[in-house]
Amino acid sequence: MARKASELKKRCWLAKQRLKMGYWESVKNDPDVKRTAEYVPQIRRVYDEEIAVTSTSPRDERLYKKVCDILDSSEITVNPIGQLIERDVYEGLDGAARQRYILELSQKFRELKERYYREKTGA
């Protein structure tokens, strides 16, 4: 138990140091992060306090068409996120970026599924 507490204190101290030293500002301005953001355009990021934008970009419309096809099919879909993944984009990302991509895609799927049902019911 004492070891867990000391590990937690260490992690907290390191996080505080990153904040003091401007780590998140440097990450925000890092070209590699901007390149990743091109692949995953609307991820919520803590360091720049972005929120997901409900825009209708061409990418969103392509995803919406795929979501409609999934929901309209008579088959039971076990893994809709797997069907929405753009494999070439996914393969080009590192581990953390892949996780962010999947989380972004699942959030987008929920939003687009709600849009689909709203449009179907006319609400």
Side-chain angles (χ1 to χ4, degrees):
M1 181 71 169
R3 185 168 187 223
K4 287 183 182 180
S6 65
E7 181 67 25
L8 180 61
K9 284 183 180 181
K10 180 182 173 186
R11 289 179 182 263
C12 290
W13 181 81
L14 289 171
K16 187 175 181 181
Q17 291 302 315
R18 283 193 300 270
L19 286 172
K20 281 184 178 180
M21 302 299 281
Y23 173 78
W24 292 114
E25 283 300 315
S26 66
V27 169
K28 181 179 177 181
N29 298 324
D30 186 10
D32 290 334
V33 172
K34 289 180 180 178
R35 201 172 349 180
T36 302
E38 291 172 4
Y39 294 115
V40 188
Q42 297 174 352
I43 291 178
R44 294 180 188 174
R45 299 189 186 278
V46 173
Y47 55 85
D48 61 2
E49 299 175 348
E50 255 184 36
I51 59 170
V53 180
T54 57
S55 66
T56 55
S57 67
R59 177 180 179 262
D60 288 349
E61 290 305 314
R62 283 193 313 270
L63 280 175
Y64 181 66
K65 184 178 180 333
K66 287 182 182 180
V67 168
C68 289
D69 292 343
I70 290 169
L71 296 174
D72 285 337
S73 73
S74 59
E75 299 175 11
I76 296 174
T77 305
V78 177
N79 187 7
I81 304 301
Q83 293 180 13
L84 296 176
I85 289 177
E86 297 173 18
R87 295 289 173 195
D88 55 335
V89 172
Y90 183 77
E91 295 299 324
L93 300 174
D94 65 349
R98 284 181 178 183
Q99 289 179 354
R100 287 191 302 267
Y101 180 76
I102 295 295
L103 290 173
E104 161 67 19
L105 204 53
S106 64
Q107 172 66 28
K108 191 55 73 174
F109 176 72
R110 279 193 318 215
E111 291 172 3
L112 294 174
K113 185 172 72 168
E114 290 172 7
R115 174 181 163 192
Y116 171 83
Y117 287 122
R118 274 195 317 267
E119 289 179 2
K120 282 288 189 185
T121 59

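Hydrophobic clustering (ILVMFWY, side-chain heavy atoms < 4.5 Å, transitive): I81 and Y64 are in one cluster. Hydrophobic clustering of Ile, Leu, Val, Met, Phe, Trp and Tyr side chains at less than 4.5 Å, counting indirect connections, keeps L103 apart from L112. Note: the hydrophobic cluster containing F109 also contains V89 (ILVMFWY, side chain heavy atoms under 4.5 Å, direct or indirect links).
Across all non-hydrogen atoms, the minimal contact from Y101 to L93 is CB-CD1, 3.8 Å. Nearest approach of Y90 to R98, heavy atoms of both residues: O-NE, 3.1 Å. The minimum heavy-atom distance between Q83 and T77, with the atom names listed, is NE2-CG2, 3.4 Å.
Within a 6.0 Å radius of NZ in K113, no more than 12 heavy atoms belonging to other residues, nucleotides or ligands are found.
Contact annotation: the side chain of E111 never approaches that of V67 to less than 4.5 Å [non-hydrogen atoms, C-beta and beyond].
Taking CD from E86 and CG from L63, the interatomic distance works out to 6.5 Å, rounded to the nearest 0.5 Å. How far OG of S106 is from CD1 of I102: 8.0 Å, rounded to the nearest 0.5 Å.
Grouping Ile, Leu, Val, Met, Phe, Trp and Tyr by side-chain contacts under 4.5 Å, direct or through others, puts L14 with W13.
Salt bridge E61/R115: present, at least one basic N to carboxylate O contact under 4.0 Å.
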Q) Do E7 and R11 pass the salt bridge (Lys or Arg N to Asp or Glu O under 4.0 Å) test, and can you show the C-alpha distance, the side-chain angles, and the key distance before you say yes or no? A) CA-CA 6 Å; E7 181 67 25; R11 289 179 182 263; 3.2 Å; yes

